[in-house]
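Working notes, structure below.
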Number of protein chains: 4
Amino acid sequence: MARRRSDDKRERILEAAVKVFARKGYFGARVAEIAKKAGVADGTIYLYFHNKEDILVSLFDEVMAEHIARAREESKSLPDAETKLRAIAGHHLRLFSGNQDLAVVFQVELRQSTKFMARFTATWLQDYFALLGDVIAEGQRQGALRSDLPKKLATKAFFGVLDQMVTSWILGGKDYDVGELAGPVVELFLRGAASPAKVPKARPALRAVASARGGR
Amino acid sequence: MARRRSDDKRERILEAAVKVFARKGYFGARVAEIAKKAGVADGTIYLYFHNKEDILVSLFDEVMAEHIARAREESKSLPDAETKLRAIAGHHLRLFSGNQDLAVVFQVELRQSTKFMARFTATWLQDYFALLGDVIAEGQRQGALRSDLPKKLATKAFFGVLDQMVTSWILGGKDYDVGELAGPVVELFLRGAASPAKVPKARPALRAVASARGGR
Amino acid sequence: MARRRSDDKRERILEAAVKVFARKGYFGARVAEIAKKAGVADGTIYLYFHNKEDILVSLFDEVMAEHIARAREESKSLPDAETKLRAIAGHHLRLFSGNQDLAVVFQVELRQSTKFMARFTATWLQDYFALLGDVIAEGQRQGALRSDLPKKLATKAFFGVLDQMVTSWILGGKDYDVGELAGPVVELFLRGAASPAKVPKARPALRAVASARGGR
Amino acid sequence: MARRRSDDKRERILEAAVKVFARKGYFGARVAEIAKKAGVADGTIYLYFHNKEDILVSLFDEVMAEHIARAREESKSLPDAETKLRAIAGHHLRLFSGNQDLAVVFQVELRQSTKFMARFTATWLQDYFALLGDVIAEGQRQGALRSDLPKKLATKAFFGVLDQMVTSWILGGKDYDVGELAGPVVELFLRGAASPAKVPKARPALRAVASARGGR
DNA sequence: GATGAATGAGCGTTCATTCAT
DNA sequence: GATGAATGAACGCTCATTCAT
């Protein structure tokens, strides 16, 4: 392959990094290997990134900035909470189903240390939770979601389910399309697992305990 | 007989390892530091473990073997699926709420590579999913859970929610008791987030897509 | 182009290695010490050699390749077997008399394990034996050497004598010039130790036993 | 196998050591492996030997003390130098042909460092050379050996040839009996390789150069 | 005497990063 | 800007030796 213009070197490095991180893991990845795959010299990496960690962080920041912006944007144009949740779930799952290497990096490699996790949480996860929280609040206002639903807990639960779907998909054979799980996941989240005939007598407790907590 | 291979030494090494792994991460942890904290010589570690990785893996295997055995045991003595799910959620969350370092190691450090993740999945997660799947199937037989609930998806969702609760708790200030989230989590899982007034018209789709998939 | 991979660095490492191996022995030698003596960083060694063993093996290969090539070359230009044997013995002994550290490495350190010995035998010793064998055969054809001389045995004997001269010289005080032993050694090899007056009655046995053997 | 009496532990350790040193080399040999093969605890080794090196040195000292004493003893009862040389060569070669592991240890492992070599030379090799020197001097007195033979050179040459025969045998397939090479080796040493018809004109030079030298 | 668990000094090798060209 | 040879700190693990039992 012919070398492209020098100003897409950064892009080529990031693309190479996703592949190498996905296959070898962050600690197992060698900067020299990323450089080779990107078609640049080892030292060139350091003209675009501060260090190895910065490659991973930049990768994550750039993908997430775009992803969240899109999700938030589309969210605005949709009429109700349920539709929005379906859209968000769909985007979330399709983001990864379309790029398996990226999925591995995000689901596994980015979580290798509390340091990365904390950064991850402090930046985009917070934004993502805010977006989800807004949608849930809207749903409650619209009467579509229970008014006694602990917002933070519901937000984390929604994310937790999506996250687990991606992780399970990665660790399994990736032999199905996670993207198609968006509908069923939202269904389960909205209607619950219990048989509808059953009276939801325990519901009050839901608000009682969790409202005062729910973490971040 | 010479100086006895004292079992408490192995225990001390594991305890030291949890602390060091939690603070420094697996790759950042130094075997020498674990040895020092355990009060043994560096070489002694290798009388009890094959290598650094084996410390982490052993830690995980031993904690999990006991945890799942207990969950399964208690499960037998409980009358219905809902009670069982509450018990399992309670145990899951309390396992970590009682040992923050262990929580960090399990939620973060053990997931740093696809290698660990795969092992984690192949051993105890599979067992855990089997246990949850049995409970869900029982609930369906008893009529407590929807018959159209995709079992695998529900299992992963239930686990995903619990897992996210622990992760959020760790990355937050750990300033509340995750153990108390068991009730609200199960409530949400069972009743769903949607307002009960709302007719669950979309339910059929749930089975349609997910039953054929659900992965592992 | 960046800093050039300078060939003299490789040379300096080999020179340093000879000294360190000679003084400390192969196992006692520290890679860090070789690096220091060569004036390079520890890691630089690994840009030129695969590992510690490769330094020793390369050293040996390079010296031997040149030595045998020269011996073979000169051999061609000499008229008869006796002259050739004198030349080979002279080169052999002078190779080491001129470089005592190299002598120690070749006579002692290279023989520390069957692994090295086997490699040593499989490569240059075989070539050397072939060269000696050719010269002996030529001598037999020319009538200068006994026709009943077992070629392999004579080859090994000739080498064994030279080898022992070098080894004795090293382990003694190296207070004489081994190079000058070439003449006497060849004399002894050719004429034997027995008094010429004595009739060589036992000669037939020589061929009888050894011809069928002689090993490699 | 039942454990034998405790006072043959030393013997068992030495036997085990020969095997392990022969297979793994001195540096590759593990004290724990020797202990295991000898059927004793690791620590027990240190009740009989100062350290690992002492095992090798003791092995060598004991075998050599006996070997040289026997060679010297038999030498006394034999009538002439030639017969004595044949006997010594026979013993030398048979010592190793009867115990291949011992041969490997003596020909290879004992020569791994100048330290061992120096010790080897200072103790038994000196004795051995003295014995050979005496026999050669006797031969000269009896008129069987040339009077102009440089004694030291001849001694080293005789040893060098025997030594090389053993080494070649070891590194080859050991598929013949080195013991039978004694006769041919002595023949060659006594009669030389040159055709008897040829006048030994160069003989005088033999004494000239080497007598003043010859090392130790 | 015998044991073998415990010790801890020691080192080959890796690889992120630098910087002369 | 780009290169890639050079750097050197860092560390998991081994194994000869010790010594409490």
Side-chain angles (χ1 to χ4, degrees), chain A residues 3 5-7 9-10 27-36 39-55, chain B residues 1-7 9-10 27-36 38-55, chain C residues 1-7 9-10 27-36 38-55, chain D residues 3 5-7 9-10 27-36 39-55:
Chain A
R3 290 215 186 161
R5 292 174 43 69
S6 101
D7 55 327
K9 275 202 175 113
R10 184 186 160 90
F27 283 102
R30 302 299 155 221
V31 172
E33 190 180 353
I34 295 173
K36 192 173 183 186
V40 300
D42 294 15
T44 305
I45 300 261
Y46 293 86
L47 297 176
Y48 295 94
F49 301 93
H50 297 308
N51 48 39
K52 185 182 176 183
E53 185 180 323
D54 188 38
I55 305 175
Chain B
M1 189 184 298
R3 250 180 293 178
R4 290 207 58 82
R5 196 165 183 140
S6 66
D7 272 356
K9 220 160 245 170
R10 185 187 158 87
F27 282 103
R30 301 298 150 221
V31 172
E33 189 179 352
I34 295 173
K36 194 175 183 184
V40 300
D42 293 16
T44 305
I45 299 264
Y46 295 88
L47 294 178
Y48 295 93
F49 301 94
H50 298 307
N51 49 39
K52 186 183 174 183
E53 183 179 325
D54 187 39
I55 304 175
Chain C
M1 190 184 297
R3 251 182 292 182
R4 288 207 60 82
R5 196 162 184 142
S6 66
D7 273 356
K9 219 159 245 166
R10 184 188 159 86
F27 283 102
R30 300 299 150 221
V31 172
E33 190 179 352
I34 295 173
K36 194 174 180 183
V40 299
D42 293 15
T44 304
I45 299 263
Y46 294 89
L47 293 178
Y48 294 93
F49 301 94
H50 297 308
N51 48 40
K52 186 183 175 181
E53 183 179 324
D54 187 38
I55 304 175
Chain D
R3 291 216 185 159
R5 293 174 42 70
S6 103
D7 54 327
K9 276 203 175 111
R10 184 186 160 88
F27 282 103
R30 301 298 155 222
V31 172
E33 190 180 353
I34 295 173
K36 192 174 182 185
V40 300
D42 294 14
T44 305
I45 300 261
Y46 293 86
L47 296 176
Y48 294 93
F49 301 93
H50 298 309
N51 49 40
K52 185 182 174 182
E53 184 179 323
D54 188 39
I55 304 175

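Proteins come first, then strands; the chains are lettered A, B, ... in the order of their sequence lines, and each starts at number 1.
What separates CD of E33(A) from P of dA16(E) is a distance of 10 Å, to the nearest Å. Distance K36(B) NZ to dA9(E) P: 12 Å, rounded to the nearest Å. The OH atom of Y46(B) sits 17 Å away from the P atom of dA16(F) (whole-angstrom rounding). Rounded to a whole Å, the CD1 atom of I45(B) is 13 Å from the P atom of dG8(E). Rounded to whole Å, the distance from CZ on F27(B) to P on dG12(F) is 11 Å. Rounded to whole Å, the distance from CD1 on I34(C) to C1' on dG8(F) is 17 Å. Nucleotide dA5(E) holds its C1' atom 16 Å from the CZ atom of R10(B), rounded to whole Å. Between L47(B) atom CG and dT17(F) atom C1' there is a gap of 14 Å when expressed in whole angstrom units.
In this model, the phosphate group of dA6(F) is approached by a side-chain N or O of K9(C) to a distance below 4.0 Å at OP1 or OP2. Considering only side-chain N and O atoms, T44(A) lies under 4.0 angstrom from the phosphate OP1 or OP2 of dT3(F).
Of the two residues near DNA chain F, A32(B) and H50(D), the one whose nearest nucleotide lies more 5' is A32(B). Judged by closest nucleotide on DNA chain E, A41(D) is the one of D42(C) and A41(D) placed further toward the 5' end. Each of V31(A) and K52(C) was assigned the nucleotide of DNA chain E with the nearest heavy atom; the assignment lying further toward the 5' end belongs to K52(C).
Checked against side-chain hydrogen bond (donor to acceptor under 3.5 Å, both in side chains), D54(C) has the following partners two or more places apart in sequence or in another chain: S58(C). Among residues two or more places apart in sequence or in another chain, the ring pair (Phe, Tyr, Trp, His ring centres under 6.0 Å) test is passed with F49(B) by none.
Of all heavy-atom pairs spanning Y46(B) and H50(B), the tightest one is CD2-O, 3.5 Å. Shortest non-hydrogen contact noted between K9(B) and Y48(B) is CB-OH, 3.8 Å.
With a cut-off of 3.5 Å on both pairing distances, the Watson-Crick and G-U wobble pairs of DNA chain F assemble into stems of 3 or more at E:2-21 with F:2-21.
A distance of 11.0 Å separates CD1 of I45(C) from NZ of K52(C), quoted to the nearest 0.5 Å.
You'll find that the side chain of R30(D) is closest to dC15(F), out of dA6(F), dG12(F), dC15(F). The side chain of Y48(B) lies closest to dA5(E) when the candidates are dA5(F), dA5(E), dC11(F). Here dT17(E) is the nucleotide among dG12(F), dT17(F), dT17(E) with the atom lying nearest to any side-chain atom of N51(A).
Counting heavy atoms from C-beta outward, D42(A) and V31(A) have side chains that stay 4.5 Å or more apart.
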